[in-house]
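Reminder, nothing fancy here: chain letters follow the sequence lines and each chain counts from 1. Bear in mind that the values here come from a model prediction, so they are computed numbers and not experimental data.
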2 protein chains.
Amino acid sequence: MAEVRNTDTRERILDAAERLFMAHGYDGTSMRQITGEAGVNLAAVNYHFGAKETLMQEVFRRRLDWLNDERMRVLDQLEAEAGDQPVKPSAIVDAFFGTLLRMAEDETRGGVTFLRLLGRTLTEPSEFIRAFLAHEYKAVMDRYKEALFRALPEVPKAEIVWRFHFMLGATSYAIAGTDALRLVTDWQIEDEDSTDRIDRLVPRLMSFLLGGLRAQLPQFPDVPQ
Amino acid sequence: MAEVRNTDTRERILDAAERLFMAHGYDGTSMRQITGEAGVNLAAVNYHFGAKETLMQEVFRRRLDWLNDERMRVLDQLEAEAGDQPVKPSAIVDAFFGTLLRMAEDETRGGVTFLRLLGRTLTEPSEFIRAFLAHEYKAVMDRYKEALFRALPEVPKAEIVWRFHFMLGATSYAIAGTDALRLVTDWQIEDEDSTDRIDRLVPRLMSFLLGGLRAQLPQFPDVPQ
DNA sequence: TTATAGTTCAAACGAACGTATGAATTATAA
DNA sequence: TTATAATTCATACGTTCGTTTGAACTATAA
């Protein structure tokens with residue numbers, strides 16, 4: 001019996017879905033667009049993935065499993081090297097966001113397409129994908145949060161959590177909007193080809209994130225903290 | 001003749017559309033949901049706004065006209081006060097992002113609902129809304145960009161533009177995700193009621209943005225700058 | 001070869017979509 | 001009051017949506 005699943009059709013569907021969900025969003029992409037671009041029969045999605053929602057989850061799982069493992073692995077290594085000392089904030093930020101951004105250079109891991117999909121999905125979470133991402137992300141997030149608490153003992157934990165949010169936002173946006181935002185703002189940034197742009201985006205964003213993370217603590221106007 | 005338009009039905013539709021587009025996105029919201037929530041007839045949207053796309057544009061125009069005017073007004077005032085000196089970066093950032101965030105406290109200007117809609121729309125720009133936002137935003141963006149160039153003469157202009165992007169991202173995300181992101185990350189941030197949360201979000205985000213804007217310049221690995 | 005499980009296919013399902021229509025109703029101005 | 005414009009309404013149009021079906025086809029194992 002043919003127990004080995006036909007991976008070709010599955011992969012073609014996942015690739016097409018990833019690109020189309022990135023470009024037009026979940027609701028803006030139809031099954032007919034996906035199967036058309038993948039060059040497979042309309043019924044193939046339901047046969048291989050059950051439903052459109054399950055397909056969306058598979059699109060994410062295919063990439064996030066590796067990303068989360070890698071993030072865990074890098075942080076494990078950093079903490080092992082540091083011994084009982086806390087890991088430097090810059091190393092933690094690079095392990096979390098740098099690992100993500102460097103996926104863009106690896107076409108076999110989705111490249112910029114997946115990163116943009118992730119970026120836009122985090123700001124438009126449908127109920128079903130929100131629950132899925134929460135489950136996929138929780139363990140990694142908690143590990144990094146704890147690492148930042150240890151790395152920045154003088155900063156209140158609530159501030160660290162907020163700044164982690166802000167860093168996520170700046171990163172999602174930087175990825176999702178590498179082209180889109182330029183059209184919104186209509187700004188010519190530089191004469192760089194696209195690979196160069198990604199190469200330079202990482203140090204640029206990293207500087208920004210670290211500056212924000214280590215910024216002077218906020219002063220609350222009336223209510224005492 | 002009744003030249004005065006019936007503003008009541010129009011406003012009810014705009015309010016419902018604003019909330020639903022925020023919650024479910026443009027493609028995820030149907031005309032029947034909008035008219036149902038607004039308590040008006042299905043045909044009312046097409047009668048008053050022509051089409052769904054035009055309605056979306058009106059939802060934005062209603063809020064952005066005021067926001068852009070206010071941003072211009074505040075920057076005018078800052079530059080007048082500064083004379084021929086450049087305006088401080090912190091004042092520019094507050095004029096741009098603080099003005100936006102303080103809309104959240106004003107329910108008559110859309111409150112948090114519109115801010116979240118704006119935040120999520122900037123990462124999922126359909127062709128038609130992208131073109132619309134580019135047109136609406138261009139003049140204000142250029143003014144602020146020039147102000148930042150003057151305020152930070154020692155920072156390369158390309159870096160300033162990138163960091164403006166990053167600030168936009170952190171802000172959009174902070175707004176769009178005040179609730180959504182918490183569910184993704186599943187973090188309890190603090191025991192704050194919602195008004196208190198907005199009050200404190202402004203100085204928190206402002207500290208982060210300024211830290212990022214004034215961060216150490218990035219070092220590019222191989223290629224010399 | 002034959003039996004069986006896996007996969008593809010064309011076609012269709014009912015539901016929901018955005019939009020249009022023309023009659024009914026309401027408001028305004030003469 | 002009457003004439004006219006503005007607005008609301010129930011209803012329907014043609015399309016597209018996600019999903020299902022059962023037959024056809026393909027690959028595997030006996």
Side-chain angles (χ1 to χ4, degrees), chain A residues 1-60 62 117 121 124 126-129 131-132, chain B residues 1-60 62 117 121 124 126-129 131-132:
Chain A
M1 59 178 164
E3 269 202 355
V4 177
R5 294 246 179 92
N6 185 339
T7 57
D8 186 52
T9 301
R10 282 178 59 93
E11 293 294 312
R12 294 167 64 88
I13 291 172
L14 288 170
D15 289 343
E18 186 173 68
R19 203 196 68 76
L20 287 165
F21 285 152
M22 177 275 290
H24 309 118
Y26 177 78
D27 288 310
T29 303
S30 73
M31 300 289 249
R32 285 162 180 84
Q33 284 179 273
I34 295 170
T35 51
E37 181 157 318
V40 301
N41 188 270
L42 170 61
V45 171
N46 293 91
Y47 176 76
H48 284 281
F49 300 95
K52 191 184 179 185
E53 289 198 356
T54 332
L55 169 62
M56 179 70 151
Q57 292 180 3
E58 260 321 294
V59 167
F60 276 97
R62 179 169 69 147
L117 172 61
T121 305
E124 47 164 330
S126 322
E127 206 55 54
F128 82 93
I129 198 69
F132 172 76
Chain B
M1 59 178 163
E3 270 203 358
V4 178
R5 294 247 177 91
N6 184 340
T7 59
D8 186 51
T9 301
R10 282 178 60 93
E11 293 294 311
R12 292 168 66 87
I13 291 172
L14 287 170
D15 288 344
E18 186 172 67
R19 203 196 67 77
L20 287 165
F21 286 151
M22 177 275 290
H24 308 117
Y26 177 77
D27 288 310
T29 303
S30 73
M31 301 288 252
R32 284 162 181 84
Q33 284 178 275
I34 296 169
T35 52
E37 181 157 318
V40 302
N41 187 270
L42 171 61
V45 171
N46 290 289
Y47 175 77
H48 284 283
F49 300 96
K52 193 184 178 186
E53 288 199 358
T54 332
L55 168 62
M56 179 70 150
Q57 292 179 4
E58 252 334 282
V59 167
F60 276 96
R62 179 170 69 147
L117 172 61
T121 304
E124 47 163 331
S126 321
E127 205 55 54
F128 81 95
I129 197 71
F132 172 76

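- Taking atom CZ on F49(B) and atom P on dG18(C), their separation rounds to 15 Å, with Å as the unit.
- In this structure, the side chains of F49(B) and R10(B) come closer than 4.5 Å at one or more pairs of heavy atoms.
- Scored by the ring pair (Phe, Tyr, Trp, His ring centres under 6.0 Å) test, F60(A) finds F114(A) as partners (sequence neighbours excluded).
- Identified under the side chain to side chain donor-acceptor pair (under 3.5 Å) test for residues 18-27 of chain A, with sequence neighbours left out: E18(A)-R63(A), R19(A)-E37(A).
- Between H48(B) and dA6(D), a side-chain N or O to OP1/OP2 separation shorter than 4.0 Å is absent.
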Sugar-phosphate means primed atoms, P, OP1 and OP2; the rest is base. With that split, encode nucleotides 16-22 of chain D 5' to 3' as B, S or - using protein heavy atoms under 4.0 Å. -BBBBB-
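- Residue T9(A) places no side-chain N or O under 4.0 Å from the OP1 or OP2 atom of dT7(C).
- I34(B) places none of its side-chain heavy atoms less than 4.5 Å from the side chain of R12(B).
- Residues E58(B) and H48(B) fail the side-chain proximity criterion, which asks for heavy atoms closer than 4.5 Å.
- Taking every heavy atom of both residues into account, T29(A) and L20(A) meet most closely at OG1-O, 3.1 Å.
- dT26(D) atom C1' lies 14 Å from atom CG of D8(A), rounded to whole Å.
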